[in-house]
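What follows is one structure encoded as structure tokens, with my remarks underneath.
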Amino acid sequence: MQTIDFKTKVLPLSGRMMRFADQFLKDGDEAKDVVQDIFLKLWQMRDELDKIDNLDAFSMKMVRNRCLDLIRARRAVSMDEVTERKLNREPGEERDELELTDTAGRIRALIGRLPEQQKAVMYMRDIENQDYGEIAELTGLNANAIRVNLSRARKKVREELVKIWENENERSKSIVAKIF
């Protein structure tokens with residue numbers, strides 16, 4: 001694809017890409033960064049763009065994937081950050097810490113019930129903060145298999161934890177109803 005073709009076919013997609021990224025991220029500046037990153041990637045692969053049937057759909061999928069990566073990165077909290085929070089907590093937060101400790105124990109138990117491969121990948125990624133390359137070396141899995149196992153493990157732990165919390169909520173409501 002020539003420069004002129006890039007300007008006429010790709011650059012006009014910017015408005016739509018920007019709106020889409022902004023809906024995902026709820027942050028205009030971050031959305032601009034995403035769109036700029038995608039334009040850079042599209043420019044770098046401009047020689048292959050002629051082979052793509054639907055450039056509009058392709059670019060929107062790239063925006064979507066980049067936004068999801070950023071959202072996932074926001075949610076990930078390293079163990080160093082958790083330790084830092086504990087050291088800097090205010091007096092009177094003991095109850096909160098007890099709840100967090102209880103929840104952490106439950107999460108560890110739920111992780112322990114996962115299939116071995118999912119358990120290992122989740123431990124290496126979320127507890128030891130290893131990157132995908134290190135995990136691949138240790139497990140012999142490719143990056144895609146690691147992502148799939150990690151996603152399934154997190155989903156299972158999340159679903160089970162939500163079930164536990166919902167059951168506790170129901171029990172609490174019934175106890176309060178009996179008291180009053």
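- Across all their heavy atoms, I146 and I135 have their closest contact at CD1-CG2, 3.7 Å.
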Checklist entry - Do K156 and E160 pass the salt bridge (Lys or Arg N to Asp or Glu O under 4.0 Å) test, and can you show the C-alpha distance, the side-chain angles, and the key distance before you say yes or no? => result CA-CA 6 Å; K156 182 68 175 172; E160 293 298 317; 3.4 Å; yes
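- In this structure, the side chains of V10 and F39 come closer than 4.5 Å at one or more pairs of heavy atoms.
- Two residues are said to be in side-chain contact when any heavy atoms from C-beta on lie closer than 4.5 Å; R46 and T3 fail this criterion.
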Item to check | Intermediate values then yes/no, side chain to side chain contact (heavy atoms under 4.5 Å, CB included), D22 and K26 | outcome: CA-CA 5 Å; D22 195 35; K26 310 289 188 229; 5.8 Å; no
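- Between the R125 side chain and the Q130 main chain, a donor and an acceptor come within less than 3.5 Å of each other.
- The two residues P12 and T8 make their nearest non-hydrogen contact at CG-O, 3.2 Å.
- The shortest heavy-atom contact between V35 and A21 is CG2-CB, 4.4 Å.
- Residues L13 and S59 share a closest heavy-atom pair of CD1-OG, 3.5 Å.
- Side-chain atoms of Q117 and M122, non-hydrogen and from C-beta on, never get closer than 4.5 Å to each other.
- The CE atom of M62 sits 9.5 Å away from atom CG of L55, with the distance rounded to the nearest 0.5 Å.
- Annotation: cation-pi geometry satisfied between R147 and Y132 (NZ/CZ under 6.0 angstrom from ring centroid, within 45° of ring axis).
- Once rounded to the nearest 0.5 Å, the distance linking CD1 of I38 with CE of M17 reads 6.0 Å.
- Remark: I4 CD1 is loosely packed, at most 12 non-hydrogen atoms of other residues, nucleotides or ligands lying under 6.0 Å away.
- Taken from CD1 in I52 to NZ in K9, the straight-line distance is 11.5 Å, to the nearest 0.5 Å.
- You'll find the side chain of L161 reaches within 4.5 Å of the side chain of I107, heavy atoms only.
- Cluster membership for V148 and V157, using ILVMFWY side-chain heavy atoms within less than 4.5 angstrom, is not shared.
- Cluster membership check: F58 shares its hydrophobic cluster with M18, using side-chain heavy-atom separations under 4.5 Å among Ile, Leu, Val, Met, Phe, Trp and Tyr.
- Contact check for L150 versus R154: side-chain heavy atoms found under the 4.5 Å cut-off.
- Contact annotation: the side chain of R16 approaches that of D56 to within less than 4.5 Å [non-hydrogen atoms, C-beta and beyond].
- Judged by distance alone, with hydrogens and angles left aside, the side-chain atoms of E134 form a donor-acceptor pair with the main-chain N or O of D131 at under 3.5 Å.
- Here the CG atom belonging to L70 is positioned 11.0 Å from the CG atom belonging to N65, to the nearest 0.5 angstrom.
- Distance CD/E116 to NZ/K119: 4.0 Å, rounded to 0.5 Å.
- Clustering ILVMFWY residues whenever any of their side-chain heavy atoms sit less than 4.5 angstrom apart, transitively, puts M60 in the very cluster that holds W43.
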Checklist entry - Would E48 and K51 satisfy salt bridge (Lys or Arg N to Asp or Glu O under 4.0 Å), going step by step from the backbone distance to the final call? => result CA-CA 6 Å; E48 294 106 44; K51 300 172 189 166; 5.8 Å; no
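- For the atom pair CG of D5 and CG of D50, the computed distance is 7.0 Å after rounding to the nearest 0.5 Å.
- Linking Ile, Leu, Val, Met, Phe, Trp and Tyr residues whenever their side-chain heavy atoms come within less than 4.5 Å places I71 and V34 in a single cluster.
- Under the 4.5 Å side-chain criterion, counting only non-hydrogen atoms from C-beta, I111 is in contact with L114.
- Under the 4.5 Å side-chain criterion, counting only non-hydrogen atoms from C-beta, T139 is in contact with M124.
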